[in-house]
Number of protein chains: 2
Amino acid sequence: MSPTDGPSPAPPATRMPVTRRPIERIKAMIAEGRLRPGDRLPTERDLAHEFEVSRSSMREAVRTLTTLGVLEVRHGAGVYVSSLRPADLLETFSVLAEISQGDTLIEVLQVRRMLEPAATALAAARATDAQLERVGAILDRISSGGGGRETVAADLTFHQAIVQITGNATLAAINDGLSSRTFNARVWRGHCADGQAARLRQDHERIYQALLARDPDAARAAATMHVMEVERWLRADLESGSPDRAEAG
Amino acid sequence: MSPTDGPSPAPPATRMPVTRRPIERIKAMIAEGRLRPGDRLPTERDLAHEFEVSRSSMREAVRTLTTLGVLEVRHGAGVYVSSLRPADLLETFSVLAEISQGDTLIEVLQVRRMLEPAATALAAARATDAQLERVGAILDRISSGGGGRETVAADLTFHQAIVQITGNATLAAINDGLSSRTFNARVWRGHCADGQAARLRQDHERIYQALLARDPDAARAAATMHVMEVERWLRADLESGSPDRAEAG
DNA sequence: CGCGTCGATTGGTCTGATCAGTTCGGTGCT
DNA sequence: AGCACCGAACTGATCAGACCAATCGACGCG
């Protein structure tokens, strides 16, 4: 409002776009705890008036914060602060695996090679019987799938379930983002074509056995082997085949 | 509009919001390689006409894709496909460290505990003399800073430079996202208050020595120790102090 | 008391105008 | 000819106001 508005007295800021002001203000209010998860914000019209911008600009600000996973809009009901859980804030992550090609996919796998072994080891140390049972059930679903999209989905679920056991939601969200559906679909198709589906199945079995034994070292090793196997295949695929193709549906 | 508009003509898709169509179409075009990094898109007005939406909706779509790091807008010049490098696509990541509180901060550090040791080990194996020299220079800047915001910035740069040596841009982008300025500022304030700045300095020195020796194992161990030290302090801070406070600029 | 209807609230979309940077070609001076 | 300057055309940024669509709650009927 007044020129003495800010805690930062010097507003030397290069005149920022109008739309950005509401974004920063709202983000700050959340960071400071003045807005808490689930809180309802004023209507877009009121917000626009409060921040002295048009409704269009306010809408763009809200949309930005929605994309970032900070806000949540319900048509006809209002704008709310999201749960602010990592899964919300990291949803945007998936675009990386969604549109990345070539080298970046290799990089993604290298990161997974750092995360999944550590996560699997942690899971081995913490897993409850019920959690292990669930993982086992998913494993069955992979085998019985026969290579279709169900198998791909089950494969994803398998790894997600393991990471979830660690109890670290941030880790789980990051790992989810690094594993996209289309990405895994390519790997499975490649393996099936090469007749190496058995190899993947063996990897999964080893990981599962390590979890059952609650052996972190074995779990780490098994997970490392698995990711490396996928990475090895992807490298071969990128060299030989078309690096830009993506699978539909 | 017309009565034949239809409950669902053929596409089973649950009628998606109008704004979403351009988003998905453009994302698909990029994933398929029909739009490449740096390509210029038609004007917002033309795009709106092409996708049969109003310009407002088209703008919201563009803004969403901009927030995701897929597009880039230059006022007066046009809309362009971003470089699609991981650093672009993962920029949104920082909001996590920016507004997370309490438990999530611990989770973030746990993830860093998985990534930084592996990254530092990799860096030790790959670093060139020039890269090591740069890291050494940054280290000097931390020591000479005296605990001010310059020191904090140098601390961040130190870790970023190391991760950058791995050559994995995706890893670097993720790690950047997990290390926020305000977060590190809190840690430094805490350590200075406790008179333990020397401890951090020692950690950094150890990491640097391991890199110089090109010893991956030592680098991994040193990095692990460092992150654990930070985690230890954070845990104490969260228990004793106010868990929601954030430092300004 | 239960439930459906209808109206007020609120986000979603559209239209068209105007403001603000960018780009590029023309103009005129040297 | 070469170069600096300037302005018109282009393009995104912002605004204003209207109307559509989903939601929620109060009112009234059975």
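Residue numbers begin at 1 in each chain, while the letters A, B, ... track the order of the sequences. The structure presented is a predicted model; accordingly, all values stated were derived computationally and were not measured.
Atom pair B/M58:CE and D/dG12:P shows a separation of 10 Å (rounding to whole Å applied). When rounded to the nearest whole Å, the span between CZ of B/R59 and P of C/dG16 equals 18 Å. Going from atom CE of B/M16 over to atom P of D/dA21 covers 18 Å, rounded to whole Å. Across the protein-nucleic acid pair, A/R55 atom CZ and C/dC14 atom P stand 13 Å apart, rounded to whole Å. Note: CD (B/E52) to P (C/dC14) measures 10 Å, nearest angstrom. Taking atom CZ on B/R21 and atom P on C/dG12, their separation rounds to 16 Å, with Å as the unit. Put simply, CZ on A/F51 is 17 Å from C1' on D/dT14, counting in whole angstrom units. In this structure, NE2 of A/H75 is placed 8 Å from C1' of D/dT23, rounded to the nearest angstrom.
For D/dA13, neither phosphate oxygen OP1 nor OP2 lies less than 4.0 angstrom from any side-chain nitrogen or oxygen of B/R63. The side chain of B/S57 contributes no N or O atom lying less than 4.0 Å from OP1 or OP2 of C/dG12. For D/dT14, the OP1/OP2 oxygens have a side-chain nitrogen or oxygen of A/T19 closer than 4.0 Å. Here A/R45 does not reach the OP1 or OP2 of C/dT10: none of its side-chain N or O atoms lies under 4.0 Å away. Phosphate proximity of D/dA16 to A/S56: absent, as no side-chain N or O sits under 4.0 Å from OP1 or OP2. The phosphate of D/dT23 (OP1 or OP2) has no side-chain N or O of A/R74 nearer than 4.0 angstrom. Taking side-chain N and O atoms only, A/T43 has no distance below 4.0 Å to OP1 or OP2 of C/dT10.
Side chain of A/E231 to main chain of A/I106: no donor-acceptor pair is present (N/O by atom type, distance under 3.5 Å, no hydrogens or angles).
Between the side chains of B/R63 and A/T64, at least one donor N or O lies within less than 3.5 Å of an accepting N or O.
When distances are taken from the side chain of B/R40 to each of C/dT22, D/dT14, D/dT11, the shortest belongs to D/dT11. For B/V79, the side-chain atoms get nearest to D/dG12 when compared with the rest of D/dG12, C/dG11, D/dC15.
Within 6.0 Å of CD on B/E133 lie no more than 12 heavy atoms contributed by other residues, nucleotides or ligands.
Using a 4.0 Å heavy-atom distance criterion, A/V53 is classed as a sugar-phosphate-only contact.
Judged by distance alone, with hydrogens and angles left aside, A/R20 brings no side-chain donor or acceptor close enough to the base of D/dA13 to form a pair under 3.5 Å.
Considering B/I174, B/L171, B/N168 as possible partners of A/E107, the one that fulfils the side chain to side chain contact (heavy atoms under 4.5 Å, CB included) test is B/N168.
Under a 4.0 Å N-O distance rule, the pair B/E150/B/R141 does not qualify as a salt bridge.
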